[in-house]
Amino acid sequence: MKPTPTMLTNSFYAFYDLHRPAYRDYAEARLAPEEAQVAVSHLFDLVASHWSTIVREPDPAAWAWERHTQTVARRSGHALTPAEEALLLYEVLRLSIDKIATVTGTEPAAVSTLLAAARRRPCVLPDCRDLGQAVGPARGPADPAPDEVRAVAPR
């Protein structure tokens, strides 16, 4: 069944509402506020322009996340590895593993693996001090999310 224009419009707005806050926060963590706003606007203009094609992708979120991180890297002058991105999303932006998987179009197990890998290395983010020492201690005893990481990488 071919999707109707109304279905495509509604699905785009659902995608926008679900992903925009995290995309904005990620861009703001890496760019000046004006640059972050331009990067996010550019991404969603691109997504809207190609939405009928993007929804046929295996995972539209992965498609959009890849373009978003490329744009932010180009504007910041520094690309992060997937592990560094996951660490920034988890430790700095305080997203859960499931939310990171949704936003980036990956599986939760892959996010846990990326976080475990990132924690084994010293902080390589260009602005660690400004990002709250992203590889510092886990979130705290009240947050059960670090247990998810330990399940993948036992201590």
Taking atom CD of Gln37 as the centre, does the number of heavy atoms from other residues, nucleotides or ligands within less than 6.0 Å exceed 12? no
For atom CD of Glu57, is the number of surrounding heavy atoms from other residues, nucleotides or ligands below 6.0 Å larger than 12? yes
Note, Val38 side chain near Glu35 side chain (heavy atom, < 4.5 Å): no
Is the shortest side-chain heavy-atom distance between Thr69 and Glu85 below 4.5 Å? yes
Test the Arg67-Trp65 pair against the cation-pi criterion, namely NZ or CZ under 6.0 angstrom from the six-membered ring centroid and within 45° of the ring axis. no
Could you tell me the separation between the OG atom of Ser49 and the CZ atom of Phe44, rounded to the nearest 0.5 Å? 12.5 Å
From Ile54 CD1 over to Asp59 CG, what is the distance, rounded to the nearest 0.5 angstrom? 11.5 Å
Between the side chains of Arg30 and Tyr26, is a donor N or O closer than 3.5 angstrom to an acceptor N or O? yes
If we count only N and O atoms by modelled type, under 3.5 Å, do the side chains of Thr9 and Trp51 hold a donor and an acceptor together? no
Test side-chain contact (heavy atoms from CB on, under 4.5 Å) on Ile97 and Tyr90; report intermediate values, then the result. CA-CA 7 Å; Ile97 289 174; Tyr90 186 76; 3.9 Å; yes
Do the side chain of Glu66 and the main chain of Trp63 share a donor and acceptor less than 3.5 angstrom apart? no
For His68 and Tyr23, indicate whether the former's side chain and the latter's backbone hold a donor-acceptor pair under 3.5 Å. yes
Over all heavy atoms of both residues, which pair between [X] and [Y] is shortest? Give the atoms and the distance, please.
X	Y	value
Thr104	Thr106	OG1-OG1, 2.9 Å
Ala29	Leu93	CB-CD2, 4.2 Å
Pro108	Ala101	N-CB, 3.7 Å
Ala118	Ala83	CB-O, 3.6 Å

Can Thr102 and Leu18 be said to form a side-chain contact (heavy atoms from CB on, under 4.5 Å), step by step? CA-CA 9 Å; Thr102 298; Leu18 179 65; 3.9 Å; yes
After noting the C-alpha distance and the side-chain angles of Arg74 and Thr71, does the key distance pass the side-chain contact (heavy atoms from CB on, under 4.5 Å) rule? CA-CA 5 Å; Arg74 190 170 47 255; Thr71 299; 3.6 Å; yes
Check for me, please, whether Leu114 and Val92 land in the same ILVMFWY cluster - side-chain distances under 4.5 Å, paths through other members count. no
Please evaluate residues Arg20 and Val40 with respect to the criterion side-chain contact (heavy atoms from CB on, under 4.5 Å), reporting the C-alpha separation (whole Å), side-chain torsions for both, the decisive distance (0.1 Å), and the verdict. CA-CA 8 Å; Arg20 186 182 182 284; Val40 174; 4.2 Å; yes
Ion pair check, Arg75 and Glu34, cut-off under 4.0 Å: no
So among Leu80, Leu31, Leu43, which one has a side-chain contact (heavy atoms from CB on, under 4.5 Å) with Val72? Leu31
